[in-house]
Amino acid sequence: MIRPTIVCSGPSNEQIRRVLAKRFHIHTLLTCHCPGNVNLSQNTAINESLIVMQRHGGGETPATRIVALDRFPGDEAAMSELYEALHRTESGRLPEGWGEVSRWPAKWTEAGDWTAGVFRAPALAEAAYEIAHSSTLIPMEEQEMVPSAVLMGGQIAQYKRHVQPDALGAFPVFYSKSADVQRKIRGAPDEHWAPRREVRREQWVDLPDADDSLHPDTARVMRHAAHLLVTAGQDTGTGRLTSVVRDEPSLGLGWLPVPGIMLEQARAASVFLNSTAGRLQLMRNPGMKLAFPQYNPAGLKTIRLPDLSDKGTVERLTRYWETTADEEVPQYRDGECEVRRIWDDAVSDTLGWDKEWLAELRQWLHREPHVRGLGYNQFG
């Protein structure tokens, strides 16, 4: 069957994956990772995958065959060539630059993790699985860090946007997803909002951490304000950061606040989320499009972070945050840069991970088609 690639990832489709893997052997998972050539069934920009299943007669279930194409065949002759290449290649690079074949362990497939369909490089898929299941990391949800979508949906209509910061009841909002807005890990709100509803001043309410009383509608949403904000979706090529930190608690729409943690913890978490280990976890949860994923609290809260209750861990990661807080971060498609190397070294030093392993993953990530903007064997 042909399905959006979202079926390979994300918590909302985990039960579907488990049921399919229980009833069938997931024989082959085929995707194409050439930007602009992502659909298999109709004229759509949604990434799609071909899933081949068969009944399994018992015994040990074979691994799933992963076919990551670098281009689609354009005519019958090319189709025959690709068929022969697939027929002759058990694993490894396909001839004539068609792509690569790899294997995904059956126990991972049966457990509902089909991450291999999301990445072009098998090494990245395997690393993303390992990091997302690492016993040395703890899911955000278990650390009481659940991103808030308080401003999403119909909430926008209740507030006036683009008001002055000193307007009555105004509060800061990280709104835009544009790479031109958030350029540093020390974030800055790009809008201020204020309630439309008029309320007498004596009806304003007090919050524990607020200096003055607040408009009731402001107070209601400011309970979700946080130092740490994570992206709600971004272009995987032109984006710069997965998370930002502000000294003053803020809200967001294009960036989701993560309430409940202190400023130093927020800084430590942001370093990890912006490292290769953090980016891989986000990218294995892409939604409909690999090139512009959309994230929601249900997926983000499953991301694993270092133990932020450990004072030493927080202090070490925070030092790296302070070192890079005012450095402008290049776009993902620009490739290797000093600031991302520093963040990866921070994670390696703090968690005792192999620096060379993380550096190699970073180099692979630079080559991902939906990061670089070009498929393998393409130049521009």
Side-chain angles (χ1 to χ4, degrees), residues 1-34 37-42 44-69 72 82-83 86-87 89-91 94 98-134 139 141 280-291 293-304 368 370:
M1 66 181 184
I2 293 172
R3 288 291 183 270
T5 301
I6 191 175
V7 82
C8 299
S9 63
S12 61
N13 286 283
E14 182 176 348
Q15 186 62 19
I16 295 174
R17 296 191 295 271
R18 286 178 177 271
V19 169
L20 290 176
K22 182 178 180 180
R23 298 186 64 182
F24 301 97
H25 165 221
I26 308 302
H27 182 281
T28 297
L29 180 62
L30 180 146
T31 57
C32 184
H33 293 270
C34 177
N37 283 321
V38 296
N39 60 302
L40 286 155
S41 65
Q42 55 186 321
T44 175
I46 294 174
N47 290 84
E48 294 181 319
S49 299
L50 175 66
I51 305 169
V52 181
M53 300 168 287
Q54 65 178 184
R55 293 289 186 187
H56 182 52
E60 185 176 350
T61 305
T64 297
R65 189 185 193 200
I66 307 299
V67 179
L69 295 182
F72 281 132
L82 173 58
Y83 173 80
L86 289 170
H87 185 66
T89 307
E90 284 295 318
S91 62
L94 291 165
W98 280 110
E100 188 167 357
V101 178
S102 60
R103 300 285 171 174
W104 193 247
K107 63 180 180 180
W108 294 358
T109 304
E110 292 169 349
D113 193 309
W114 298 9
T115 303
V118 175
F119 293 98
R120 164 60 182 86
L124 288 180
E126 293 172 9
Y129 177 90
E130 291 177 15
I131 294 169
H133 294 83
S134 171
E141 183 177 25
L280 286 179
Q281 289 190 78
L282 263 75
M283 291 178 69
R284 68 190 287 271
N285 240 337
M288 294 291 186
K289 298 181 182 180
L290 300 184
Q294 301 290 327
Y295 303 118
N296 57 47
L300 291 172
K301 70 183 183 181
T302 65
I303 291 176
R304 288 178 176 258
E368 276 293 286
H370 296 294

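All values reported here derive from a predicted model rather than from experimental measurement. Side chains are part of it too, since the values below use all heavy atoms of this structure and drop only hydrogens, waters and symmetry mates.
Under the 3.5 Å distance criterion, the side-chain polar atoms of Thr64 are matched with a main-chain donor or acceptor of Ile26. For the pair Arg17 (side chain) and Thr109 (backbone), a donor-acceptor distance under 3.5 Å is absent. Side chain of Glu48 to backbone of Leu40: a donor-acceptor contact under 3.5 angstrom is found.
Here the straight-line distance linking atom NE2 of His56 with atom NE2 of His27 works out to 11.5 Å at 0.5 Å rounding. Rounding to the nearest 0.5 angstrom, the gap separating the CG atom in Asn285 from the CG atom in Leu300 is 7.5 Å. For the atom pair NE2 (His33) and OG1 (Thr5), the distance works out to 7.5 Å, reported to the nearest 0.5 Å. Note that the OG atom of Ser41 and the CG atom of Leu50 stand 10.5 Å from one another [nearest 0.5 Å].
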Candidate pair Val52 and Leu30, rule side chain to side chain contact (heavy atoms under 4.5 Å, CB included), full reasoning: CA-CA 8 Å; Val52 181; Leu30 180 146; over 6 Å; no
Full working for side chain to side chain contact (heavy atoms under 4.5 Å, CB included) between Ile51 and Trp114: CA-CA 11 Å; Ile51 305 169; Trp114 298 9; 4.1 Å; yes
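Between Arg304 and Ile131, every side-chain heavy-atom pair lies at or beyond the 4.5 Å cut-off. In this structure, His133 and Asp113 have side chains that are in contact, with non-hydrogen atoms separated by less than 4.5 Å. Contact annotation: the side chain of Asn47 approaches that of His370 to within less than 4.5 Å [non-hydrogen atoms, C-beta and beyond]. In this structure the side chain of Asn13 never reaches within 4.5 angstrom of the side chain of Arg3, judged on heavy atoms. Looking only at side-chain heavy atoms (C-beta outward), Leu69 and Leu82 come within less than 4.5 Å of each other. Here the side chains of His25 and Arg55 are not in contact, with every heavy-atom distance at 4.5 Å or above. Between Glu126 and Phe119, the closest side-chain pair of non-hydrogen atoms is not below 4.5 Å. Within the 4.5 Å cutoff, no side-chain heavy atoms of Leu290 are placed close to those of Val38.
In terms of heavy-atom proximity, Pro105 sits nearest to Ala63 at CA-CB, 4.3 Å. When all heavy atoms of Gln281 and Ala132 are compared, the pair lying nearest together is OE1-CA, 4.0 Å. Closest heavy-atom contact between Thr115 and Ala128: CG2-CB, 4.1 Å. Contact between Val101 and Arg65 at its shortest, heavy atoms only, is CG1-NE, 3.6 Å. Among all heavy-atom pairs drawn from Leu20 and Met53, the shortest one is CD2-SD, 3.9 Å.
Between Trp104 and Trp108, the two ring planes are perpendicular [angle over 60°; tilted spans 30° to 60°].
Within a 6.0 Å sphere centred on CD of Gln54, other residues, nucleotides and ligands contribute more than 12 heavy atoms.
Listed by chain and residue number, Glu110 satisfy the side chain to side chain donor-acceptor pair (under 3.5 Å) test with Thr61 (two or more places apart in sequence, or in another chain). Scored by the side chain to side chain donor-acceptor pair (under 3.5 Å) test, Thr302 finds no partners at all (sequence neighbours excluded). Residues satisfying the salt bridge (charged side-chain N to carboxylate O under 4.0 Å, His left out) criterion with Glu100, sequence neighbours excluded, are Arg120.
Ser49 and Thr31 form no side-chain donor-acceptor contact under 3.5 Å, judged by distance and modelled atom types alone.
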